[in-house]
2 protein chains.
Amino acid sequence: MNNLDIPDIIISRLPIYLRALRHMQAQHTQTTSSQELGARVGISAAQIRKDLSQFGEFGKQGTGYNIGFLIDKLREILKVVQVWDVAVIGMGDMGHALARYQGFKDRGFRVAMVFDNNPSKVGTKVESFVIRSTQDLVTSIKQSGIKVAMLCVPAAEAQDVTDLLVEAGVKAILNYAPISLSVPSGVRVQYLDPSIGLQRMTYYME
Amino acid sequence: MNNLDIPDIIISRLPIYLRALRHMQAQHTQTTSSQELGARVGISAAQIRKDLSQFGEFGKQGTGYNIGFLIDKLREILKVVQVWDVAVIGMGDMGHALARYQGFKDRGFRVAMVFDNNPSKVGTKVESFVIRSTQDLVTSIKQSGIKVAMLCVPAAEAQDVTDLLVEAGVKAILNYAPISLSVPSGVRVQYLDPSIGLQRMTYYME
DNA sequence: TAGATTGTTAATCGATTAACAATC
DNA sequence: TAGATTGTTAATCGATTAACAATC
(Lines give C-alpha, C1' and ligand atoms only; values in the text may rest on other atoms or scores of the structure.)
Protein backbone atom coordinates (compact mmCIF):
# COMPACT_ATOMS: atom_id res chain seq x y z
CA MET A 1 0.00 0.00 0.00
CA ASN A 2 0.91 3.67 0.06
CA ASN A 3 1.16 3.25 3.77
CA LEU A 4 4.55 2.88 5.16
CA ASP A 5 6.38 6.07 4.41
CA ILE A 6 3.89 8.80 5.16
CA PRO A 7 5.01 10.72 8.25
CA ASP A 8 3.00 10.15 11.38
CA ILE A 9 2.61 13.87 11.88
CA ILE A 10 0.56 14.01 8.68
CA ILE A 11 -1.57 11.05 9.71
CA SER A 12 -2.24 12.72 13.05
CA ARG A 13 -3.78 15.74 11.30
CA LEU A 14 -6.18 13.80 9.09
CA PRO A 15 -8.71 13.06 11.85
CA ILE A 16 -8.82 16.79 12.59
CA TYR A 17 -9.62 17.53 8.96
CA LEU A 18 -12.24 14.81 8.93
CA ARG A 19 -13.94 16.14 12.03
CA ALA A 20 -14.07 19.69 10.64
CA LEU A 21 -15.40 18.47 7.28
CA ARG A 22 -18.16 16.53 9.02
CA HIS A 23 -19.04 19.68 10.87
CA MET A 24 -19.30 21.63 7.61
CA GLN A 25 -21.32 18.84 6.07
CA ALA A 26 -23.78 18.95 8.96
CA GLN A 27 -24.34 22.57 8.02
CA HIS A 28 -25.20 21.54 4.46
CA THR A 29 -22.09 23.00 2.89
CA GLN A 30 -21.14 21.36 -0.42
CA THR A 31 -17.57 22.47 -1.02
CA THR A 32 -14.66 24.02 0.82
CA SER A 33 -11.11 25.21 0.15
CA SER A 34 -7.81 24.52 1.83
CA GLN A 35 -8.00 28.14 2.94
CA GLU A 36 -11.37 27.78 4.64
CA LEU A 37 -10.62 24.40 6.19
CA GLY A 38 -7.29 25.69 7.42
CA ALA A 39 -8.87 28.69 9.10
CA ARG A 40 -11.26 26.35 10.87
CA VAL A 41 -8.64 24.02 12.28
CA GLY A 42 -5.77 26.45 12.70
CA ILE A 43 -3.48 24.96 10.06
CA SER A 44 -2.07 26.68 6.97
CA ALA A 45 -3.78 26.15 3.63
CA ALA A 46 -0.48 25.05 2.07
CA GLN A 47 -0.04 22.37 4.66
CA ILE A 48 -3.51 20.99 4.17
CA ARG A 49 -2.97 20.75 0.41
CA LYS A 50 0.40 19.12 0.96
CA ASP A 51 -1.02 16.63 3.45
CA LEU A 52 -3.90 15.62 1.20
CA SER A 53 -1.67 15.37 -1.86
CA GLN A 54 0.11 12.44 -0.19
CA PHE A 55 -2.93 10.33 -0.89
CA GLY A 56 -4.27 11.56 -4.21
CA GLU A 57 -5.74 14.54 -6.02
CA PHE A 58 -8.98 15.22 -4.24
CA GLY A 59 -9.62 18.85 -5.22
CA LYS A 60 -10.38 20.88 -8.33
CA GLN A 61 -8.58 24.06 -9.30
CA GLY A 62 -10.81 27.05 -8.94
CA THR A 63 -13.46 25.37 -6.83
CA GLY A 64 -11.70 23.51 -4.03
CA TYR A 65 -12.84 20.25 -2.44
CA ASN A 66 -16.19 18.52 -2.51
CA ILE A 67 -16.85 17.90 1.16
CA GLY A 68 -18.71 14.61 0.85
CA PHE A 69 -16.07 13.22 -1.48
CA LEU A 70 -13.17 14.30 0.73
CA ILE A 71 -14.87 12.83 3.80
CA ASP A 72 -15.19 9.50 2.00
CA LYS A 73 -11.53 9.57 1.01
CA LEU A 74 -10.34 10.42 4.52
CA ARG A 75 -12.50 7.69 6.02
CA GLU A 76 -10.95 5.21 3.61
CA ILE A 77 -7.43 6.39 4.37
CA LEU A 78 -7.99 6.25 8.13
CA LYS A 79 -9.83 2.93 7.82
CA VAL A 80 -12.93 4.14 9.58
CA VAL A 81 -15.35 3.19 6.83
CA GLN A 82 -15.72 0.03 8.84
CA VAL A 83 -16.73 0.16 12.50
CA TRP A 84 -14.13 -1.07 14.97
CA ASP A 85 -15.25 -2.93 18.06
CA VAL A 86 -13.57 -1.52 21.15
CA ALA A 87 -12.99 -2.97 24.62
CA VAL A 88 -13.00 -0.69 27.66
CA ILE A 89 -10.87 -1.86 30.57
CA GLY A 90 -11.58 -0.45 34.02
CA MET A 91 -15.09 0.54 35.01
CA GLY A 92 -14.29 3.46 37.25
CA ASP A 93 -15.80 6.86 36.49
CA MET A 94 -13.78 7.31 33.32
CA GLY A 95 -14.44 3.83 31.93
CA HIS A 96 -18.07 4.25 32.83
CA ALA A 97 -18.23 7.53 30.94
CA LEU A 98 -16.60 5.97 27.88
CA ALA A 99 -18.95 2.98 27.92
CA ARG A 100 -21.85 5.41 27.75
CA TYR A 101 -20.21 7.92 25.39
CA GLN A 102 -22.34 8.71 22.34
CA GLY A 103 -19.52 10.42 20.44
CA PHE A 104 -18.14 7.30 18.76
CA LYS A 105 -21.20 7.10 16.53
CA ASP A 106 -20.31 7.64 12.88
CA ARG A 107 -16.66 8.01 13.72
CA GLY A 108 -15.71 4.39 13.24
CA PHE A 109 -15.95 2.89 16.73
CA ARG A 110 -18.37 1.01 18.93
CA VAL A 111 -17.84 -0.13 22.48
CA ALA A 112 -18.36 -3.89 22.38
CA MET A 113 -17.08 -5.19 25.69
CA VAL A 114 -16.16 -3.83 29.12
CA PHE A 115 -13.94 -5.25 31.87
CA ASP A 116 -13.12 -4.69 35.51
CA ASN A 117 -11.09 -6.65 38.04
CA ASN A 118 -13.34 -5.86 40.99
CA PRO A 119 -15.42 -8.98 41.80
CA SER A 120 -18.26 -6.85 43.12
CA LYS A 121 -18.57 -5.13 39.73
CA VAL A 122 -18.11 -8.18 37.53
CA GLY A 123 -21.47 -9.43 36.28
CA THR A 124 -23.26 -6.11 36.87
CA LYS A 125 -24.32 -3.94 33.98
CA VAL A 126 -23.11 -0.61 32.59
CA GLU A 127 -25.39 0.55 29.83
CA SER A 128 -26.17 -2.63 27.91
CA PHE A 129 -22.82 -4.20 28.79
CA VAL A 130 -22.29 -6.88 31.38
CA ILE A 131 -18.96 -6.18 33.06
CA ARG A 132 -16.53 -9.04 32.50
CA SER A 133 -13.67 -10.08 34.70
CA THR A 134 -10.18 -9.00 33.72
CA GLN A 135 -9.26 -12.64 34.27
CA ASP A 136 -11.18 -13.48 31.10
CA LEU A 137 -9.72 -10.55 29.17
CA VAL A 138 -7.28 -12.43 26.96
CA THR A 139 -9.73 -15.18 26.06
CA SER A 140 -12.67 -12.87 25.40
CA ILE A 141 -10.74 -10.39 23.31
CA LYS A 142 -8.93 -13.06 21.32
CA GLN A 143 -12.20 -14.81 20.60
CA SER A 144 -14.00 -11.66 19.51
CA GLY A 145 -11.12 -10.45 17.37
CA ILE A 146 -11.15 -7.01 19.00
CA LYS A 147 -8.11 -4.94 18.00
CA VAL A 148 -8.79 -1.66 19.81
CA ALA A 149 -8.95 -0.97 23.55
CA MET A 150 -9.40 1.97 25.88
CA LEU A 151 -7.49 1.67 29.12
CA CYS A 152 -9.00 3.31 32.21
CA VAL A 153 -7.42 1.38 35.07
CA PRO A 154 -5.26 2.94 37.81
CA ALA A 155 -1.65 3.71 36.87
CA ALA A 156 -0.35 0.88 39.05
CA GLU A 157 -2.22 -1.73 37.02
CA ALA A 158 -1.90 -0.17 33.59
CA GLN A 159 1.27 -1.91 32.40
CA ASP A 160 0.08 -5.35 33.50
CA VAL A 161 -3.25 -4.90 31.75
CA THR A 162 -1.44 -3.58 28.69
CA ASP A 163 0.61 -6.78 28.55
CA LEU A 164 -2.65 -8.75 28.60
CA LEU A 165 -4.11 -6.61 25.83
CA VAL A 166 -1.02 -7.18 23.71
CA GLU A 167 -1.23 -10.89 24.37
CA ALA A 168 -4.87 -10.79 23.29
CA GLY A 169 -3.92 -9.28 19.94
CA VAL A 170 -4.94 -5.67 20.55
CA LYS A 171 -3.07 -3.29 18.21
CA ALA A 172 -4.33 0.12 19.33
CA ILE A 173 -4.63 1.35 22.91
CA LEU A 174 -6.14 4.63 23.99
CA ASN A 175 -4.56 5.15 27.39
CA TYR A 176 -6.27 7.22 30.08
CA ALA A 177 -3.95 5.98 32.81
CA PRO A 178 -1.31 8.54 33.85
CA ILE A 179 1.73 6.48 32.91
CA SER A 180 3.93 5.76 29.89
CA LEU A 181 3.27 2.28 28.58
CA SER A 182 5.74 0.00 26.91
CA VAL A 183 4.42 -2.05 24.03
CA PRO A 184 6.05 -4.10 21.27
CA SER A 185 6.37 -2.59 17.81
CA GLY A 186 3.19 -3.09 15.86
CA VAL A 187 1.10 -1.95 18.80
CA ARG A 188 0.20 1.74 19.07
CA VAL A 189 -0.69 3.86 22.08
CA GLN A 190 -2.33 7.27 22.26
CA TYR A 191 -2.22 9.11 25.55
CA LEU A 192 -5.06 11.12 27.08
CA ASP A 193 -3.85 12.09 30.54
CA PRO A 194 -5.71 15.25 31.55
CA SER A 195 -2.92 16.46 33.85
CA ILE A 196 -0.43 16.29 31.00
CA GLY A 197 -2.76 18.39 28.85
CA LEU A 198 -3.09 20.98 31.60
CA GLN A 199 0.65 21.08 32.34
CA ARG A 200 1.31 21.78 28.67
CA MET A 201 -0.55 25.04 29.10
CA THR A 202 0.46 26.34 32.53
CA TYR A 203 4.01 26.93 31.30
CA TYR A 204 2.67 29.84 29.25
CA MET A 205 0.74 31.48 32.08
CA GLU A 206 2.02 34.32 34.22
CA MET B 1 11.85 35.40 31.60
CA ASN B 2 13.47 32.62 29.60
CA ASN B 3 10.00 31.90 28.33
CA LEU B 4 9.17 33.19 24.99
CA ASP B 5 11.44 31.44 22.55
CA ILE B 6 11.49 27.85 23.68
CA PRO B 7 9.70 25.69 21.11
CA ASP B 8 6.32 24.37 22.15
CA ILE B 9 7.31 20.86 21.17
CA ILE B 10 9.91 20.91 23.94
CA ILE B 11 7.42 22.25 26.48
CA SER B 12 4.99 19.50 25.51
CA ARG B 13 7.53 16.84 26.48
CA LEU B 14 8.33 18.21 29.93
CA PRO B 15 5.13 16.94 31.59
CA ILE B 16 5.98 13.47 30.29
CA TYR B 17 9.41 13.64 31.89
CA LEU B 18 7.90 14.92 35.10
CA ARG B 19 5.37 12.11 35.25
CA ALA B 20 8.05 9.46 34.68
CA LEU B 21 10.34 11.01 37.30
CA ARG B 22 7.55 10.99 39.86
CA HIS B 23 7.02 7.36 39.08
CA MET B 24 10.70 6.61 39.70
CA GLN B 25 10.61 8.65 42.88
CA ALA B 26 7.66 6.64 44.15
CA GLN B 27 9.89 3.60 43.81
CA HIS B 28 12.51 5.27 46.00
CA THR B 29 15.03 5.76 43.23
CA GLN B 30 17.47 8.60 43.91
CA THR B 31 19.07 9.29 40.55
CA THR B 32 18.52 8.58 36.88
CA SER B 33 20.21 9.21 33.54
CA SER B 34 18.95 10.62 30.26
CA GLN B 35 19.39 7.10 28.96
CA GLU B 36 17.16 5.50 31.56
CA LEU B 37 14.52 8.22 31.49
CA GLY B 38 14.48 8.09 27.72
CA ALA B 39 13.95 4.35 27.65
CA ARG B 40 11.02 4.80 29.98
CA VAL B 41 9.22 7.44 27.96
CA GLY B 42 10.31 6.41 24.47
CA ILE B 43 12.46 9.45 23.71
CA SER B 44 16.17 9.50 22.85
CA ALA B 45 18.67 10.32 25.57
CA ALA B 46 20.16 13.09 23.45
CA GLN B 47 16.81 14.76 23.09
CA ILE B 48 16.13 14.68 26.80
CA ARG B 49 19.49 16.27 27.55
CA LYS B 50 18.88 18.89 24.87
CA ASP B 51 15.40 19.66 26.16
CA LEU B 52 16.55 20.06 29.76
CA SER B 53 19.56 22.14 28.77
CA GLN B 54 17.17 24.85 27.57
CA PHE B 55 16.43 25.63 31.20
CA GLY B 56 19.69 25.08 33.01
CA GLU B 57 22.27 22.48 33.97
CA PHE B 58 20.42 20.01 36.11
CA GLY B 59 22.67 16.97 35.84
CA LYS B 60 26.15 15.86 36.84
CA GLN B 61 28.63 14.17 34.54
CA GLY B 62 29.15 10.59 35.47
CA THR B 63 26.13 10.28 37.75
CA GLY B 64 23.16 11.75 35.89
CA TYR B 65 20.23 13.57 37.44
CA ASN B 66 19.03 13.71 41.02
CA ILE B 67 15.36 12.81 40.67
CA GLY B 68 14.00 14.99 43.46
CA PHE B 69 15.95 17.98 42.25
CA LEU B 70 14.89 17.55 38.64
CA ILE B 71 11.26 17.15 39.68
CA ASP B 72 11.46 20.44 41.56
CA LYS B 73 12.99 22.18 38.56
CA LEU B 74 10.37 20.84 36.14
CA ARG B 75 7.57 21.82 38.48
CA GLU B 76 8.96 25.34 38.61
CA ILE B 77 9.34 25.53 34.85
CA LEU B 78 5.82 24.23 34.24
CA LYS B 79 4.43 26.43 37.02
CA VAL B 80 2.85 23.56 38.89
CA VAL B 81 4.52 24.26 42.21
CA GLN B 82 1.36 26.18 42.92
CA VAL B 83 -2.04 24.49 42.66
CA TRP B 84 -4.33 25.83 39.94
CA ASP B 85 -8.04 25.99 40.58
CA VAL B 86 -9.96 24.50 37.68
CA ALA B 87 -13.57 24.88 36.55
CA VAL B 88 -15.37 21.96 34.90
CA ILE B 89 -18.12 22.93 32.47
CA GLY B 90 -20.76 20.34 31.59
CA MET B 91 -21.81 17.75 34.14
CA GLY B 92 -22.50 14.85 31.80
CA ASP B 93 -20.68 11.57 32.32
CA MET B 94 -17.32 13.01 31.35
CA GLY B 95 -17.59 16.16 33.45
CA HIS B 96 -18.83 14.03 36.31
CA ALA B 97 -15.80 11.75 35.99
CA LEU B 98 -13.43 14.73 35.97
CA ALA B 99 -15.08 16.30 39.00
CA ARG B 100 -14.40 13.10 40.91
CA TYR B 101 -10.99 12.37 39.37
CA GLN B 102 -8.28 11.79 41.96
CA GLY B 103 -5.43 12.07 39.47
CA PHE B 104 -4.98 15.84 39.75
CA LYS B 105 -3.56 15.46 43.23
CA ASP B 106 0.08 16.51 43.39
CA ARG B 107 0.08 17.43 39.74
CA GLY B 108 -0.80 21.05 40.17
CA PHE B 109 -4.57 21.15 39.79
CA ARG B 110 -7.72 21.07 41.88
CA VAL B 111 -11.30 21.14 40.68
CA ALA B 112 -12.83 24.16 42.35
CA MET B 113 -16.13 24.77 40.59
CA VAL B 114 -18.49 22.89 38.28
CA PHE B 115 -21.18 24.16 35.88
CA ASP B 116 -24.08 22.86 33.85
CA ASN B 117 -26.82 24.59 31.87
CA ASN B 118 -29.51 22.04 32.73
CA PRO B 119 -31.85 23.61 35.35
CA SER B 120 -32.63 20.20 36.81
CA LYS B 121 -28.95 19.68 37.59
CA VAL B 122 -28.13 23.18 38.82
CA GLY B 123 -28.06 23.25 42.61
CA THR B 124 -27.55 19.51 42.99
CA LYS B 125 -24.23 18.12 44.14
CA VAL B 126 -21.43 16.21 42.44
CA GLU B 127 -18.85 15.15 44.99
CA SER B 128 -18.56 18.15 47.26
CA PHE B 129 -19.44 20.61 44.49
CA VAL B 130 -22.77 22.30 44.05
CA ILE B 131 -23.45 22.53 40.32
CA ARG B 132 -23.70 26.15 39.23
CA SER B 133 -25.65 27.52 36.31
CA THR B 134 -23.76 28.33 33.12
CA GLN B 135 -25.59 31.66 33.28
CA ASP B 136 -23.39 32.58 36.25
CA LEU B 137 -20.22 31.27 34.61
CA VAL B 138 -18.62 34.59 33.70
CA THR B 139 -19.33 36.21 37.05
CA SER B 140 -18.27 33.24 39.16
CA ILE B 141 -15.07 32.58 37.28
CA LYS B 142 -14.07 36.21 37.13
CA GLN B 143 -14.67 36.60 40.83
CA SER B 144 -12.72 33.51 41.79
CA GLY B 145 -9.82 34.33 39.48
CA ILE B 146 -9.89 30.86 37.90
CA LYS B 147 -7.65 30.66 34.83
CA VAL B 148 -8.03 27.00 33.85
CA ALA B 149 -11.13 25.17 32.62
CA MET B 150 -12.10 21.73 31.38
CA LEU B 151 -14.82 21.74 28.76
CA CYS B 152 -17.18 18.75 28.65
CA VAL B 153 -20.27 20.15 26.96
CA PRO B 154 -21.74 18.83 23.68
CA ALA B 155 -19.99 19.96 20.48
CA ALA B 156 -22.89 22.22 19.54
CA GLU B 157 -22.43 24.33 22.66
CA ALA B 158 -18.67 24.21 22.94
CA GLN B 159 -17.78 27.35 21.01
CA ASP B 160 -20.37 29.48 22.84
CA VAL B 161 -19.17 28.28 26.22
CA THR B 162 -15.58 28.86 25.11
CA ASP B 163 -16.43 32.47 24.34
CA LEU B 164 -17.80 32.81 27.87
CA LEU B 165 -14.68 31.25 29.36
CA VAL B 166 -12.51 33.68 27.42
CA GLU B 167 -14.65 36.57 28.59
CA ALA B 168 -14.25 35.33 32.14
CA GLY B 169 -10.47 35.48 31.85
CA VAL B 170 -9.70 31.78 31.43
CA LYS B 171 -6.34 31.25 29.74
CA ALA B 172 -6.14 27.46 29.43
CA ILE B 173 -8.90 25.16 28.22
CA LEU B 174 -8.78 21.38 28.20
CA ASN B 175 -11.35 20.51 25.57
CA TYR B 176 -13.21 17.19 25.62
CA ALA B 177 -15.80 18.33 23.08
CA PRO B 178 -15.23 16.90 19.58
CA ILE B 179 -14.74 20.21 17.80
CA SER B 180 -11.98 22.69 16.98
CA LEU B 181 -12.32 25.80 19.08
CA SER B 182 -11.36 29.29 18.09
CA VAL B 183 -9.81 31.41 20.81
CA PRO B 184 -7.91 34.70 20.85
CA SER B 185 -4.14 34.63 21.15
CA GLY B 186 -3.10 34.40 24.76
CA VAL B 187 -5.62 31.62 25.38
CA ARG B 188 -4.50 28.00 24.94
CA VAL B 189 -6.48 24.88 24.14
CA GLN B 190 -5.53 21.24 24.48
CA TYR B 191 -7.71 18.66 22.78
CA LEU B 192 -8.72 15.30 24.23
CA ASP B 193 -11.23 13.89 21.76
CA PRO B 194 -11.15 10.08 22.13
CA SER B 195 -12.26 9.46 18.53
CA ILE B 196 -9.36 11.53 17.23
CA GLY B 197 -6.98 9.45 19.32
CA LEU B 198 -8.43 6.23 17.96
CA GLN B 199 -8.43 7.43 14.35
CA ARG B 200 -4.75 8.27 14.66
CA MET B 201 -4.10 4.58 15.18
CA THR B 202 -6.48 2.80 12.80
CA TYR B 203 -4.55 4.12 9.81
CA TYR B 204 -1.74 1.75 10.72
CA MET B 205 -3.90 -1.34 11.08
CA GLU B 206 -4.45 -3.94 8.36
C1' DT C 1 -12.93 35.14 -20.27
C1' DA C 2 -11.47 36.41 -15.42
C1' DG C 3 -11.07 34.74 -10.91
C1' DA C 4 -10.08 31.23 -7.86
C1' DT C 5 -7.73 27.44 -6.12
C1' DT C 6 -5.36 23.27 -6.72
C1' DG C 7 -1.00 20.19 -6.61
C1' DT C 8 3.83 20.59 -6.59
C1' DT C 9 8.46 22.44 -6.51
C1' DA C 10 12.17 24.67 -4.34
C1' DA C 11 13.54 27.38 -0.45
C1' DT C 12 13.29 28.01 4.26
C1' DC C 13 12.92 26.85 8.64
C1' DG C 14 13.15 23.94 12.68
C1' DA C 15 13.98 19.61 15.18
C1' DT C 16 16.65 15.50 16.00
C1' DT C 17 20.77 12.95 16.29
C1' DA C 18 25.60 11.80 16.61
C1' DA C 19 29.69 12.75 18.60
C1' DC C 20 32.81 14.28 22.03
C1' DA C 21 35.31 17.30 25.29
C1' DA C 22 34.55 18.22 29.99
C1' DT C 23 34.19 16.38 34.37
C1' DC C 24 31.97 13.98 38.22
C1' DT D 1 42.35 6.23 38.24
C1' DA D 2 38.68 4.21 35.06
C1' DG D 3 33.98 4.44 33.86
C1' DA D 4 29.99 6.94 33.16
C1' DT D 5 27.29 10.64 31.71
C1' DT D 6 26.54 15.36 31.10
C1' DG D 7 25.89 19.74 28.11
C1' DT D 8 26.84 21.38 23.65
C1' DT D 9 28.28 21.65 18.90
C1' DA D 10 27.85 20.56 14.19
C1' DA D 11 25.68 17.58 10.91
C1' DT D 12 21.67 15.47 9.47
C1' DC D 13 17.20 14.92 8.82
C1' DG D 14 12.43 16.27 8.28
C1' DA D 15 8.57 19.55 8.13
C1' DT D 16 6.60 23.90 6.73
C1' DT D 17 6.00 27.68 3.73
C1' DA D 18 6.03 30.51 -0.33
C1' DA D 19 5.33 30.74 -4.93
C1' DC D 20 3.38 29.60 -9.24
C1' DA D 21 2.11 26.98 -13.43
C1' DA D 22 -1.88 24.41 -14.46
C1' DT D 23 -6.60 24.43 -14.94
C1' DC D 24 -11.43 24.34 -13.41
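Just so we're on the same page: letters track the sequence lines, and every chain starts at 1.
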Nearest of [options] to any side-chain atom of [X]?
X       : options               : value
B/Ser34 : D/dT16, D/dT8, D/dT6  : D/dT6
B/Arg49 : D/dT8, C/dT17, C/dT8  : D/dT8
A/Glu57 : C/dA18, D/dA15, C/dG7 : C/dG7
A/Gln47 : D/dT6, C/dC24, D/dT17 : D/dT17
A/Ala46 : D/dT6, D/dA18, C/dT6  : D/dA18

Side chains of B/Met150 and B/Val111: closer than 4.5 Å at any heavy-atom pair?
-> yes
Separation of atom [atom1] in [X] from atom [atom2] in [N], rounded to whole Å:
X       : N      : atom1 : atom2 : value
A/Lys50 : C/dA10 : NZ    : P     : 12 Å
B/Asn66 : D/dT5  : CG    : C1'   : 15 Å
B/Leu52 : C/dT16 : CG    : P     : 14 Å
A/Gln35 : C/dT6  : CD    : P     : 8 Å
B/Gln61 : C/dC20 : CD    : P     : 17 Å
A/Lys60 : C/dG3  : NZ    : C1'   : 17 Å
B/Asp8  : D/dA15 : CG    : P     : 17 Å
A/Ile48 : C/dT5  : CD1   : P     : 14 Å

For the pair B/Thr134 (side chain) and B/Asp116 (backbone), establish whether a donor and an acceptor sit closer than 3.5 Å, ignoring hydrogens and angles.
->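 Side chain of B/Thr134 to backbone of B/Asp116, a donor-acceptor pair under 3.5 Å: yes, one is there.
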Exam field: side chain B/Asp51 to backbone B/Ile10, donor-acceptor pair closer than 3.5 Å = no
Please figure out whether A/Gly56 or B/Thr63 has its closest DNA chain C nucleotide nearer the 5' end.
-> A/Gly56
Partner of D/dA4 by Watson-Crick or G-U wobble geometry, both contacts under 3.5 Å, or none?
->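 Because both required distances fall under 3.5 Å, D/dA4 counts as paired with C/dT23.
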For C/dT16, give its Watson-Crick or G-U wobble partner with both distances under 3.5 Å, or none.
->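 Checking every strand shown, C/dT16 finds its partner in D/dA11, with both distances under 3.5 Å.
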Pick one: which of A/Asp8, A/Val170, A/Ile173 meets side chain to side chain contact (heavy atoms under 4.5 Å, CB included) with A/Arg188?
->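 Going through the options one by one, the only one that passes is A/Asp8.
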Are any of [X]'s side-chain N or O atoms less than 4.0 Å away from OP1 or OP2 of [N]?
X       : N      : result
A/Tyr65 : C/dG7  : yes
B/Ser44 : C/dT17 : yes
B/Arg13 : C/dA15 : no

Are A/Asp193 and B/Arg107 within salt-bridge range, i.e. N to O under 4.0 Å?
-> yes
